[in-house]
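Order of the sequence lines sets the chain letters (A, B, ...), proteins ahead of strands, with each chain counted from 1. Quick caveat: nothing in here was measured; it's all calculated off a predicted structure.
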Protein chains: 2
Amino acid sequence: MKTKKSANFSEWYTELIKEAELADIRYNVKGFVVFLPWSVMTMMKMYRIYETELEKTGHLPAWFPALIPERNFHLESKHVEGFTPEVFWVTEAGGNKLEERLAMRPTSETAMYQMYSLWIQGMKDLPLKIYHSSQVWRHETKATRPFIRSREFHWIESHDVFATRAEAVAQVHEDMEMARLAITEKFCVPFLFFRRPQWDKFPGADDTFAADTLMPDGKVLQLPSTHLLGQNFSKPFNIKFLDEKGESQYAYQTCYGPAISRIYAAVISVNGDDKGLVLPSCLAPTTVMIIPIYKKGGEEAVLAKCAAIEKNFKDAGMKCAIDRSENTPGFKFNHWELKGIPVRVEIGGREAESGELTVAVRDTGEKTKIHESKLVLEIPRLLSEMDKRLGAKSKAGFEGKIRDAKTMDELNKVLEVGGFARAPWCSTGFDGKQCADEIKAKTTGDVRGTLFGKDEKPEAGAVCIHCGKSATEVVYIARQY
Amino acid sequence: MKTKKSANFSEWYTELIKEAELADIRYNVKGFVVFLPWSVMTMMKMYRIYETELEKTGHLPAWFPALIPERNFHLESKHVEGFTPEVFWVTEAGGNKLEERLAMRPTSETAMYQMYSLWIQGMKDLPLKIYHSSQVWRHETKATRPFIRSREFHWIESHDVFATRAEAVAQVHEDMEMARLAITEKFCVPFLFFRRPQWDKFPGADDTFAADTLMPDGKVLQLPSTHLLGQNFSKPFNIKFLDEKGESQYAYQTCYGPAISRIYAAVISVNGDDKGLVLPSCLAPTTVMIIPIYKKGGEEAVLAKCAAIEKNFKDAGMKCAIDRSENTPGFKFNHWELKGIPVRVEIGGREAESGELTVAVRDTGEKTKIHESKLVLEIPRLLSEMDKRLGAKSKAGFEGKIRDAKTMDELNKVLEVGGFARAPWCSTGFDGKQCADEIKAKTTGDVRGTLFGKDEKPEAGAVCIHCGKSATEVVYIARQY
C-alpha cells in the first residue's frame, strides 16, 4: 500500500480494492463490478453468519423470481414512486417484445406479497418469516464505488407478517439486535440505529430504522435498515387472515435488508490499516499462513516442518496454507498482511529444529515464540484477543466521532472534522423537512434521525439548530456516502 | 399423496411439489416459480456440498454481473446463435432507453472471458479455476415444470483456463468425477456421462460431455454438462499468455454447469415413493422428527422426555425438531413422511417411562426399539444404512433400464417401456445428424451420444440402427425431458 489510510482514506480504499484483489472495476457495464475471490470468500462467510442468525429467530429461506411484472409495482403508490426511477426493465425476450415490462427486482416486496396473500389465511399461517439471499439491481445516479454503492448488490432481504402491530414492532427490534450481533459483535463494525425522519423513510413504510456506521473519513455509510410497513402493503396486496373471532383482518408487516456487499465495505474500511486488510478471524478466507524461510540446501527440513504444522491446523479444523511461492519472505509478509490473514507462522531452519515457531498477529504485528506442541491451543486464544482488540478499537474510534452542536457554526465545525453532530431539532415529522433541506444545501450534512433506544431529549429551552423554533427532539447530522 | 409414483409419475410429481410445499407455480410471470423453504433448505445444502467439491479441486468463488452487453455476445458466433433466441433483454433503465441492450445472463462465458483476458498474462496466472453460484435466465419455449425446466434456474458455473489442451481434457474428466461424487455418492442419483454428438454440443464447444439420469417414467433428464471449449473462446476474447519460451499462446478452456434446481428434481423423483419425499440424510432439512403421543393428563411426562431427547440430538450436532402441533399422531406420521424426514422418534407414555423409544426410518418404514441412552450413536448408523439402501436401489433401477436395440422395432419397444436403448450407429459426427433427426421424428427418441469412459464398439458386421450403413459406434437413445 502506497497510501496511508489516515492520510487519504478515499485513495487508500481504491488502492486496497485493487492491490488486495477484492473487485475489478473494468467490467463493461457502467456501475457493475466483478467481485473477486478474496472478497467473495469473506462475503460467503458473512452470508452464512447472517443466515444463521435469521434462522435462529425463526426465518426460513425461499427463492423468489428476479423479475417482477410492472403491474405489481403499481399496487402501492409510494413504493412505485420511490423505486420506478431506478428500475432496469426487461422489455424483450425470446426474440419478441413483451406485452408487459418486467422489472429486475430493486427489492422484492411486490414479488413476494402477492404470494403472501395466497399463503396466509388464518392465525395458523402467522407469523410468516421468510428471507431470501439474492442480488438486486438499482440504476443509481450517485457515483458508484465497489461494495459501497453499485447498480448490482448482494444482500439478504427478510419479509415478515404478523397478526398484530405489536408483534411487527417487536420484529423491528429483533432485526436491530440481530444486526448488532452480526455486524458489531462478529464483524467488529460499530453503528447506531436511527429512526429516520418522515421524509426519509423507505417508500411505503410507516417507520424506518437504519444503522449508520462511520467510515474513516467521518462520512456515514448506511448499513441494514428495517421497516415497519404496518398495513400499507397488506391492504393493496390483500394479505388478510381470519382472527380468533372469525373476522377478516389485514396483517402487519416488516421488511429488513442487510446488504452484505456494503457491510463488507464497512468491515474493510473500519478495520483496515496502512498495510491493507485487517479481517476479524471469523471472516478471513484463510486463518493461518505459514511462511517457510530457508537458505539453499535447507529447504527440505523447513518444508517438512511446514507441512506437519499445516496438517495439525487442518486436523483442528482451521483454514491454513503454506506460501510455497518463490517470492522472498519479506514479500510474502507484506502480501499476506495486505490480504488480512490474521496469523502468520514463520518457520526457518532454527525453528524447524527447536520447534519454537515465530507467530505474528495481523493487527498489532506483534511476534511471539510459541512451541509447536502448543500452537493449536494458542492460536485460537491469539485470534480471540485480536477480535476483542478490533472490536474495542473500532468502538472507541466511532464513539469519539459523536459531538454536540448547538449552532450552525458548531455544526459546520463538526462536519468538517467528520462524524455525527448531535443537535437540537424542531421536528422529524414532515414539518421539519424544510430545515433538513436547507441544512443539506448549506452544509451537505444529512439529518439521519433520532437515536433508537435512548429517548434523547433536548435541554430545557433548547432551540432547533436551524430554524430557532423550540426544539422537541435531538437529531444526528452527518455527511453521507 | 393420492397418486402412486408407479401409477402415474407425472401426476405424482405435480402432486408432490404441491403437497410437500416445494414450489409455488402461481407466480405471475410465465415460466417462473417461487421456490419454497422446504426445497430451498435442501438446495442450500446441495450448493454447499458442490461448492466444497469445487474448492477441493482448486476452484475459487467469484461473483460476476447478471447483465452482459450485447456486443460481448457477438464475439463467438456459435454462442450468439445458440443463446440469443433465449435471452431476456434489458432495454430501459433509470427512465431512459439504453444505447445498447443488456442480456440477463443465460450463461456467463461472455461476461467472464473478457475479464479473463485482463487477468491472464503468463504461466503464473494459470490454471485459473473460478466458480460462480448464481441464477440464469433463459426464455425456454419448451413446457416448463418446477425444478425440471423453468425460465429462471439456480446453478453453479465453473470456468477454467489452462496452458495446454491436455490439462483442459483432464479438467473435463475431473468435472465428471466431481458430479459422480456429489450427485451419485451423496444425493443417490445415478447417471451416465455421454459424449454428445457433434450436432448437440454446447454452442461454442469442441466437445460436450453431459450426465443423463432417468426419471421414473423412463425419460432422460440431463444433469451437469462439462464442455471442452478448446481455443474457441480464447481467440475471440483474446485470452493469451506468454509460455516458457516467451511466446504468446491462446489458452485452452473448459466450462461446467451443475444446475442445482434441476438436480433437485432428480433427487426427489428418483428417491421419492408413494408416501412422498425420500431424502438422503445429508440433504434433509431436519434429520429427526420427534412425535409426542399422549392421552389427556399424560402430556407433561411425554413432552419433558421429548425435550430431553431433542437436546441430546442437538448437542450431538443433529438437526432435530418436535412436532408439538395439535394434529393426531397419525396425521403427523403422514405429514413428515411426505416431507421426507429420515428418522421419526415416537415417544408415548410407556416409552417416556422405560426409555425404550420407537424409531422409524423413512425409506423402509421399519420400526425399531432403541433405548434413549443409545439413540445418538444408533441414529447415525440407521441413516448411513438408509443412504446405502437408497444408493443401491436407485442404481439397480437405473441399470435395469438400459437395453440393447438392433432394429427400429426393438428401439420402439425399448422407448415404449422407457429407458436407454443401446444401439449400433453410423456416426456421431455431423454425418450422423440426418439419422438422428429421422429417428427423432419417427420415435421421439433422442440420440444422447456415446458412453464416456468405456470404449463401446459395435459387434463385427453391425449396421446403423437407422440407415443400415456400417456401424462405427454404439449410441444411447432415449426420450428426454
Give the atom names and distances for all donor-acceptor pairs closer than 3.5 Å across chain B and chain A.
{"unit_1": "B:Asp24", "atom_1": "OD2", "unit_2": "A:Trp119", "atom_2": "NE1", "d": "2.8"}
{"unit_1": "B:Tyr27", "atom_1": "OH", "unit_2": "A:Leu67", "atom_2": "O", "d": "2.7"}
{"unit_1": "B:Asn28", "atom_1": "OD1", "unit_2": "A:Gln114", "atom_2": "NE2", "d": "2.8"}
{"unit_1": "B:Asn28", "atom_1": "ND2", "unit_2": "A:Asn72", "atom_2": "OD1", "d": "3.0"}
{"unit_1": "B:Asn28", "atom_1": "ND2", "unit_2": "A:Gln114", "atom_2": "OE1", "d": "3.2"}
{"unit_1": "B:Phe35", "atom_1": "N", "unit_2": "A:Trp63", "atom_2": "O", "d": "2.9"}
{"unit_1": "B:Phe35", "atom_1": "O", "unit_2": "A:Trp63", "atom_2": "N", "d": "3.0"}
{"unit_1": "B:Arg48", "atom_1": "NH2", "unit_2": "A:Glu51", "atom_2": "OE1", "d": "3.1"}
{"unit_1": "B:Glu51", "atom_1": "OE1", "unit_2": "A:Arg48", "atom_2": "NH2", "d": "3.1"}
{"unit_1": "B:Trp63", "atom_1": "N", "unit_2": "A:Phe35", "atom_2": "O", "d": "3.0"}
{"unit_1": "B:Trp63", "atom_1": "O", "unit_2": "A:Phe35", "atom_2": "N", "d": "2.9"}
{"unit_1": "B:Ala66", "atom_1": "N", "unit_2": "A:Glu152", "atom_2": "OE2", "d": "2.9"}
{"unit_1": "B:Leu67", "atom_1": "O", "unit_2": "A:Tyr27", "atom_2": "OH", "d": "2.7"}
{"unit_1": "B:Asn72", "atom_1": "OD1", "unit_2": "A:Asn28", "atom_2": "ND2", "d": "3.0"}
{"unit_1": "B:Val87", "atom_1": "O", "unit_2": "A:Gly94", "atom_2": "N", "d": "3.2"}
{"unit_1": "B:Trp89", "atom_1": "N", "unit_2": "A:Glu92", "atom_2": "O", "d": "2.7"}
{"unit_1": "B:Trp89", "atom_1": "O", "unit_2": "A:Thr91", "atom_2": "N", "d": "3.2"}
{"unit_1": "B:Thr91", "atom_1": "N", "unit_2": "A:Trp89", "atom_2": "O", "d": "3.2"}
{"unit_1": "B:Thr91", "atom_1": "OG1", "unit_2": "A:Thr91", "atom_2": "OG1", "d": "2.6"}
{"unit_1": "B:Glu92", "atom_1": "O", "unit_2": "A:Trp89", "atom_2": "N", "d": "2.8"}
{"unit_1": "B:Glu92", "atom_1": "OE1", "unit_2": "A:Arg101", "atom_2": "NH1", "d": "2.5"}
{"unit_1": "B:Gly94", "atom_1": "N", "unit_2": "A:Val87", "atom_2": "O", "d": "3.2"}
{"unit_1": "B:Arg101", "atom_1": "NH1", "unit_2": "A:Glu92", "atom_2": "OE1", "d": "2.6"}
{"unit_1": "B:Gln114", "atom_1": "OE1", "unit_2": "A:Asn28", "atom_2": "ND2", "d": "3.2"}
{"unit_1": "B:Gln114", "atom_1": "NE2", "unit_2": "A:Asn28", "atom_2": "OD1", "d": "2.9"}
{"unit_1": "B:Trp119", "atom_1": "NE1", "unit_2": "A:Asp24", "atom_2": "OD2", "d": "2.8"}
{"unit_1": "B:Glu152", "atom_1": "OE2", "unit_2": "A:Ala66", "atom_2": "N", "d": "3.0"}

Max heavy-atom pair count under 4.5 Å with chain A, selected residue of B:Pro65, B:Ala103, B:Pro285: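 So the answer, after comparing B:Pro65, B:Ala103, B:Pro285, is B:Pro65.
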[X] versus chain B, the contacting section by heavy-atom distance below 4.5 Å:
X        : result
A:Ala23  : neither
A:Ala66  : both
A:Pro69  : both
A:Met112 : neither
A:Val87  : backbone

Residue among A:Val90, A:Ile130, A:Leu102 with most heavy-atom pairs under 4.5 Å to chain B: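 Highest number of pairs under 4.5 Å: A:Val90.
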Counting only heavy atoms not in B:Leu242 (residues, nucleotides, ligands), do more than 12 fall under 6.0 Å from its CG?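 Yes.
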Should we say atom CD1 of B:Ile49 is surrounded by more than 12 heavy atoms from elsewhere, each under 6.0 Å from it?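 Atom CD1 in B:Ile49 is packed in, count exceeds 12.
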Closest contact, heavy atoms only, A:Ala62 versus B:Val40: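 That would be CA-CG2, 3.9 Å.
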Ignoring hydrogens, what is the shortest heavy-atom contact between A:Leu67 and B:Val29? Give both atom names and the distance.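 Shortest heavy-atom separation between A:Leu67 and B:Val29 comes out as O-CG2, 3.9 Å.
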